[in-house]
Amino acid sequence: MPTPAVSDPAIGPVVLDATRRAERARHAGPVAGQLSAAGATMAALCWVDNAGIARAKTIPLGRLERAAAWGVGMSPVFDVFLVNDGITTSEHIGGPGGDLRLVPDLERATVLAGQPGWAWAPVDRYTQEGRVYAGCQRSFARRMTGQAREQGLELRMAVEVEWAAGTEDAGRFRPACTGPAYGMTRVVELSDYGREVAGALERQGLTVDQFHPEYAAGQLEVSVGAAGPVAAADNSLLVRETIRAVSARHGFRASFAPAVEAGTVGNGGHVHLSVWRDGRNLLAGGTGPYGLTAEGEAFAAGILAELPALCAVGAPSVASYLRLVPSHWAGVFQCWGRENREAAIRLVTGSAGEQETSANIEIKCFDLAANPYLVAGSLIAAGLAGIRDGGRLPAETGGDPAGLAEAELAGSGARRLPQSLPEATACLERSTVLRAAMGDPLFGAFLAVRRGEAELFAGASADEVAAQTRWRW
Ligand code: GLU
Ligand code: MG
């Protein structure tokens, strides 16, 4: 008896049928032509796994047409890879069987400014039958975006990227610059590098809002313009790969890890988000706190309520909890406040005169070990649940909750978010909102990776965790 073919878990009907494949192949020809005219000969097809690591298959540009129609093969086992490339398993996903098709998104195909001769494209993952793979994080973000759109809601998002530029020597991080926090000295020290990072991002079609020196040793930050949820997650990935490439050309490395070194300020991956209806920002011009509309407030309240579980998605590694300490601007309390950098949700109203376009909420407790597609999809799921339930925000928290005496803190309503990965994972396990949104195969694999990583580092010191994850994302 031959072994029956393994069918990978899928969602919905066959979408990549013969007609669609033919259309995609036709479209790929001119795209390959444009990439090649811009000097590319190879294309990296990229996706992000449940450990937050960008994995890739690469092809010569001449193969793009075939890849656009039929995809490139890759095992589903990567969905249960851990941060150290160890492998766990889960109920629906894991083991050596099955094969997925990585199908490049031609609309996002980009010539990489920091890697001459290379193009890049994010992929959606399909089963061999041409159905959407249930574990595909990018498809999850798109599905949640679609659910919001069905209710007439549009989302705008952007992920701030913080990183530490440097090298490693005898297991310790050595910063590429020595100037003070936010100091012009760092801009001078890294003059060519900073300009090249920003220039490369702009040549790749991204809008650079800011580049600035940050607080920790060698730490820098770039923020780019807001986009739809899937595009914003793509941008977050592209920004990091670009910084990584430009860093290599300058002889150092970029650490996007939550904790470059234990006991210091870490790298955040703050998410800015606004929600719109009929071209109107629901976080401004209303009658709620600071002009929030009822729907805008409910969306924010949904995220606030789900934050302990969302931490497992947005701060998914053991190392994340080395960063999440009070009074480090990482927003470790479940509360909100206008321009409060110690609240997990900072309401950014913008200046008078620009609030209609600028108002957004910033989720501060997340980092860059997170899969940006899972972050985008999960935030939407939580926000939509808030709207469904008519959620209201509790009283605002002003100042640093860590400064409050115990009784005052209890009375303020601000609660400490999970303080370890197992604690956050337990919250996620109980989240009916996120389980239903992700679906069992993705949710199960994601949880398995969290458990696997908690086990991997059980008993490791903070220094060991930081050293072993410093360069992984
Ligand atoms: N590096 C801080 C963090 O861990 C954030 C600093 C800031 O407010 O930009 O999130
Ligand atoms: Mg920052």
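Ligands are counted one by one from 1 in listed order, and the atoms in each one are counted from 1 as well.
Residue Ala121 comes nearest to Ala109 through the heavy atom pair CB-CA, 4.1 Å, listed as atom of the first residue, atom of the second, then distance.
Here the OH-CZ distance, from Tyr193 to Arg186, works out to 12.5 Å after rounding to the nearest 0.5 Å.
Checking each of Pro441, Ser378, Pro316 against Phe446 for a side chain to side chain contact (heavy atoms under 4.5 Å, CB included) leaves exactly one that passes, namely Pro316.
Salt-bridge formation is not detected for the pair Arg108/Asp105: no Lys NZ or Arg NE/NH1/NH2 atom is positioned less than 4.0 Å from an Asp or Glu carboxylate oxygen. Remark: Arg277 does not engage Glu154 in a salt bridge, criterion side-chain N to carboxylate O under 4.0 Å.
Relative to the ring axis of Trp471, Arg253 places its NZ or CZ within 45° and under 6.0 Å from the centre.
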Every pair of nitrogen or oxygen atoms between ligand 1 and the protein that is under 3.5 angstrom apart - can you list them with their distances to 0.1 Å?
unit_1   : atom_1 : unit_2 : atom_2 : d
ligand 1 : 1 (N)  : Glu162 : OE1    : 2.7
ligand 1 : 1 (N)  : Glu162 : OE2    : 3.4
ligand 1 : 1 (N)  : Gly266 : O      : 2.9
ligand 1 : 4 (O)  : Gly266 : O      : 3.2
ligand 1 : 4 (O)  : Arg323 : NE     : 2.7
ligand 1 : 8 (O)  : Lys364 : NZ     : 3.2
ligand 1 : 9 (O)  : Glu162 : OE2    : 3.2
ligand 1 : 9 (O)  : Glu214 : OE2    : 2.9
ligand 1 : 10 (O) : His270 : NE2    : 2.7
ligand 1 : 10 (O) : Arg323 : NE     : 3.3
ligand 1 : 10 (O) : Arg323 : NH2    : 2.7

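For the Mg ion (ligand 2), protein N/O/S neighbours under 2.8 Å (waters excluded) are Glu162 OE2, Glu214 OE2, Glu221 OE1.
Every residue two or more places apart in sequence or in another chain was checked for a ring pair (Phe, Tyr, Trp, His ring centres under 6.0 Å) with Tyr290, and none qualifies.
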Distance-only criterion, 3.5 Å: show the donor-acceptor pairs between side-chain atoms of residues 409-419 and protein atoms not counting sequence neighbours.
unit_1 : atom_1 : unit_2 : atom_2 : d
Ser412 : OG     : Leu409 : O      : 2.8
Ser412 : OG     : Ala414 : N      : 3.1
Arg416 : NH2    : Leu324 : O      : 3.3

Test log, rule side-chain hydrogen bond (donor to acceptor under 3.5 Å, both in side chains), inputs Thr178 and Glu189: CA-CA 8 Å; Thr178 55; Glu189 287 177 282; 3.0 Å; yes
